[in-house]
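Worksheet for the structure shown next.
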Amino acid sequence: MEALGEATARQLLGGNGRAARRLYDHIPARTDPFAPANAVVFGVGPVTDTTVPGNSRACVATKSPLTELFFDSTFGGRFPATLKRTGFDAVLITGRAAAPSYLLVTETGAVVKPAADLWGKTTREAVNALVAAEGAEADAIAIGPAGEQRVRFAAMAHYWKNREGVSGRGGVGAVLGAKNLKSVVVRGARKTEVADPAELKALVDETREPLKKGTQALSTYGTPFLVGPINALGAFGSYNLKTEVFAEARAVGGEEMKARYHDRDTTCLKCPVACGKQYAIPSGEFAGRKAKMPEYETIFALGPMLGIANPEALTLANDLCDLLGMDTISLGVTLAFVCEAVERGWLTKQDLGVPFGWGDWRGMLRLVEMTARREGFGARLAEGAWRLAESVHPEGTKLVYAVKRLELPAHSARALKGLSIGYATATRGGSHHDTRPTPQYAPGFDRRSTKDKPAFAARSQHFTAVGDSLVLCRFTAERGFGLFLDEPYARMVRAVTGWDVTVEELERVGERIVNLERLFNVREGVRRAQDTLPWRVMHEPIPEGPSAGAYCPPDELSVMLDAYYALRGWDGEGVPTASRLATLDLR
């Protein structure tokens, strides 16, 4: 156990910032992500378990087995608040257990307990068994069979009431599997204090109405409400990005699915938004099945990217991925590559072991299960799209929608120029949680111009780094407190901590965290050559629809990289300079 000093806390806030510092200090360069020397950090932040809307989020970070770079992910539910109530803001896990185990964290410390009987169980089965064993006040997050099999994009899932919190991307679940760790369980009852409750209440009251208005679509439909408007922009990747318009989008959009399948709303602890939904299939082949609503990103990756417009298949596939413990985005984009490789004759039914191609949802469901257990061709899918493509064909990686080997989500790298530079420079690679798409959908935002986009990306990355360090839900933050770091965030931190924080100081915190993450990645070999985009994004303009003609050719990206590096104070290869690190107190 180690005390957290105020100076360190103010420098990095919590969650993501502290995880970046810990991992940079603890993981030797070029460590195999599956080696005992790799570490995993679970962390919460200053606003966790307060009255700030969307505060029940936790950050988990490690060296990713998919990208082999720094990676962090967040998840909701009740687990984050319970971790905070143990009195520990961060838990660092390293080494490897001798046998299948779980980690119990309480107010007195941490203990490793046996979990041999849980090995092979789904995430939900494991969580339910551990909460039954440790008491109803305990919360757990667990890996599934995919994590045990070291699927490179294995996820973790937490269940509380009817809400699932999934830490999906980057393969954190596989790292825990390599450590023989089935689950982390937390139990605590310490009260969380804030410095100025009256000021915090005033701030929350002021933001209540904009938050309610800004999240109305999320509360009503969940994230699938995005399908319609983004498809209407011609920015909804389909058929492995051969087009960005999906003719059958309505069938998998929020309005249609709510009308047909909505059963109940679900929410994280004390959150007013209730963006989660439980679906129930009323009739047909899967009548009576209930499962979590597939999120927008899942719909994109397992639906249009594969030419699939069957909402029931998407709901079942999403449920399977949660139970088996896999990232739906990485899996779907990997399968999209397979569809195109089959179309081109690079792969055959004999290679796959099952019939599969565009629109084949039954084949998709079977390959989901095969991947989680590394069965047959599933063992190759479990390596992710980039490694699979390298093994399939000399030109294979040209068809992969990924940056730094992380498969991209459903916000177009071609139609949104802020994401062109944002994805290329993101710590995590193909993640929309480094540079945010949300401001780029606002009326009046020039999506096609490169003007000011490097500055936009940098400022957005500071915003997300601070948000994941507070740790705060992206939806409630953006819609209640603002799309960038501004006075509401400074007021929030002042009220919770009592520090005299300014907006400028928060910007520097965000910049400091981004540079820490970059230092980690530079140590792993990242340079300008890795700050690139998928081949299709740079060489094939969108062929049809409202965004027809949009793409980001190499010369255009190079100009934006020059401007971005200059703003950051990095050299021409994207390495932070000593002088900039000194101004950020990073040595």
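No hydrogens, no waters, no symmetry mates; every other heavy atom, side chains included, goes into these values.
- Remark: the backbone N or O of Asn38 is paired with a side-chain donor or acceptor of Lys179 at under 3.5 angstrom.
- Side chain of Asn55 to backbone of Asp49: a donor-acceptor contact under 3.5 angstrom is found.
- In this structure a side-chain-to-backbone donor-acceptor pair under 3.5 Å is missing from Thr86 to Thr106.
- Contact check for Val466 versus Leu13: side-chain heavy atoms found under the 4.5 Å cut-off.
- Judged by distance alone, the side chain of Ser460 and the main-chain N or O of Arg436 form a donor-acceptor pair under 3.5 Å.
- Looking at heavy atoms from C-beta onward, Arg428 lies out of side-chain contact with Leu69 at the 4.5 angstrom threshold.
- Listed here is the closest heavy atom pair of Thr51 and Leu200: OG1-CD2, 3.4 Å.
- Atom OG1 in Thr334 sits 10.5 Å away from atom CZ in Arg387 (nearest 0.5 Å).
- Checked by atom type and distance alone, the side chain of Arg169 pairs as donor or acceptor with a backbone atom of Glu407 at under 3.5 Å.
- When each of Asp434, Thr427, Thr435 is tested with Gln461 by the rule side-chain hydrogen bond (donor to acceptor under 3.5 Å, both in side chains), just one qualifies, namely Thr435.
- Proximity of a side-chain donor or acceptor of Ser283 to a complementary backbone N or O of Ala287 within less than 3.5 Å is not detected.
- Summarising the local packing, CZ of Arg289 is surrounded by 12 or fewer heavy atoms from other residues, nucleotides or ligands at distances under 6.0 Å.
- Between Phe42 and Phe79, the angle of the ring planes lies from 30° to 60°, which puts this pair in the tilted group.
- Minimum heavy-atom separation, Ala140 to Leu130: CB-CB, 4.4 Å.
- Between Val204 and Pro53 there is a side-chain heavy-atom pair separated by less than 4.5 Å.
- By the 4.5 Å heavy-atom criterion applied to side chains, Val368 and Met326 are counted as neighbours.
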Stepwise side chain to side chain contact (heavy atoms under 4.5 Å, CB included) test for Val184 and Tyr102: CA-CA 6 Å; Val184 174; Tyr102 71 94; over 6 Å; no
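- Taking the six-membered ring for Trp and the full ring otherwise, Trp358 and Tyr239 have centroids separated by under 6.0 Å.
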Criterion side chain to side chain contact (heavy atoms under 4.5 Å, CB included) on Cys268 and Arg78, from CA distance to verdict: CA-CA 6 Å; Cys268 296; Arg78 191 180 70 170; over 6 Å; no
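- In this structure, Phe520 and Phe70 have perpendicular ring planes: the angle between them is above 60°, well past the 30° mark.
- Within the 4.5 Å cutoff, side-chain heavy atoms of Arg18 are placed close to those of Asp89.
- A distance-only check finds a donor-acceptor pair linking the side chain of Arg374 to the backbone of Gln149 [under 3.5 Å].
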Leu367 and Leu335: CA distance, side-chain angles, deciding distance, side chain to side chain contact (heavy atoms under 4.5 Å, CB included) verdict: CA-CA 9 Å; Leu367 288 169; Leu335 289 174; 3.8 Å; yes
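- Ion pairing of Glu137 with Arg187 is absent here, as no side-chain N (NZ or NE/NH1/NH2) approaches a carboxylate O to less than 4.0 Å.
- Salt-bridge check for Glu285 with Arg362: passed, with a basic side-chain N closer than 4.0 Å to an acidic carboxylate O.
- Atom-to-atom distance recorded for Asp72:CG and Leu23:CG is 9.5 Å, nearest 0.5 angstrom.
- For the side-chain contact (heavy atoms from CB on, under 4.5 Å) test, residues two or more places apart in sequence or in another chain that qualify with Thr328 are Thr298, Leu302, Asn318, Cys321.
- Heavy-atom neighbours of Lys212 NZ from other residues, nucleotides or ligands within 6.0 Å: at or below the threshold of 12.
- Annotation: the span from Ser238 atom OG to Met305 atom CE amounts to 8.0 Å, rounded to 0.5 Å.
- Taking each heavy atom of Ile308 and Trp361 in turn, the nearest pair found is CD1-CA, 3.6 Å.
- Distance check: Phe34 CZ to Arg96 CZ gives 10.0 Å after rounding to the nearest 0.5 Å.
- No side-chain donor-acceptor contact under 3.5 Å links Thr122 and Arg124.
- With 3.5 Å as the limit, one finds no donor-acceptor pair spanning the side chains of Ser431 and Tyr423.
- Between the side chains of Ser412 and Glu244, at least one donor N or O sits under 3.5 Å from an acceptor N or O.
- Exactly one residue among Asn162, Asp319, Asp322, Thr315 makes a side-chain hydrogen bond (donor to acceptor under 3.5 Å, both in side chains) with Lys292. That residue is Asp322.
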Give every donor-acceptor pair under 3.5 Å between a side-chain atom in residues 273-282 and any protein atom, sequence neighbours left out.
residue, atom, partner, partner atom, Å
Lys277, NZ, Ser219, O, 2.3
Lys277, NZ, Asp265, OD1, 3.1
Lys277, NZ, Ala274, O, 2.8

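- With values rounded to the nearest 0.5 angstrom, Leu176 atom CG is found 10.5 Å from Lys182 atom NZ.
- Between Val47 and Thr50, the shortest heavy-atom distance links the atoms O-OG1, 2.6 Å.
- Under a 4.0 Å N-O distance rule, the pair Glu134/Lys113 qualifies as a salt bridge.
- His262 and Tyr221 are not linked by any side-chain donor-acceptor pair at a separation below 3.5 angstrom, with hydrogens and angles left out of the test.
- Between the side chain of Thr223 and the backbone N or O of Tyr296, at least one donor-acceptor pair lies under 3.5 Å.
- Annotation: side chain of Val227 is not in contact with side chain of Phe300 (no heavy-atom distance under 4.5 Å).
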side-chain hydrogen bond (donor to acceptor under 3.5 Å, both in side chains) evaluation trace for Asn180 with Glu148: CA-CA 8 Å; Asn180 270 332; Glu148 298 167 7; over 6 Å; no
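- One side chain, His432 or Glu297, offers a donor N or O that lies under 3.5 Å from an acceptor on the other.
- Of the inter-residue distances, the one linking Leu472 atom CG with Thr48 atom OG1 reads 9.0 Å to the nearest 0.5 angstrom.
- Side-chain contact between Leu181 and Leu103 is present, with heavy atoms from C-beta onward closer than 4.5 Å.
- Taking 4.0 Å as the cut-off between side-chain N and carboxylate O, Arg57 and Asp468 do not count as a salt-bridged pair.
- For the residue pair Trp119 and Pro100, the shortest heavy atom distance occurs at CE3-CB, 3.5 Å.
- Enclosure of atom CD in Gln216 is not indicated, since only 12 or fewer non-hydrogen atoms of other residues, nucleotides or ligands lie within 6.0 angstrom.
- Within the 4.5 Å cutoff, the side chain of Phe475 has no heavy atoms near those of the Thr438 side chain.
- Closest of all the heavy-atom pairs between Leu269 and Trp160 is N-CZ3, 3.6 Å.
- With hydrogens and angles disregarded, no donor-acceptor distance shorter than 3.5 Å links the side chain of His411 to the backbone of Pro437.
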Residue pair Glu312, Lys290: steps toward the salt bridge (Lys or Arg N to Asp or Glu O under 4.0 Å) verdict: CA-CA 10 Å; Glu312 296 176 10; Lys290 292 187 176 184; over 6 Å; no
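- Ring orientation note: the planes of Phe246 and Phe236 are nearly perpendicular, at an angle over 60° on the 30°/60° scale.
- At distances below 3.5 Å, not a single donor-acceptor pair connects side-chain atoms of His433 with backbone N or O atoms of Thr464.
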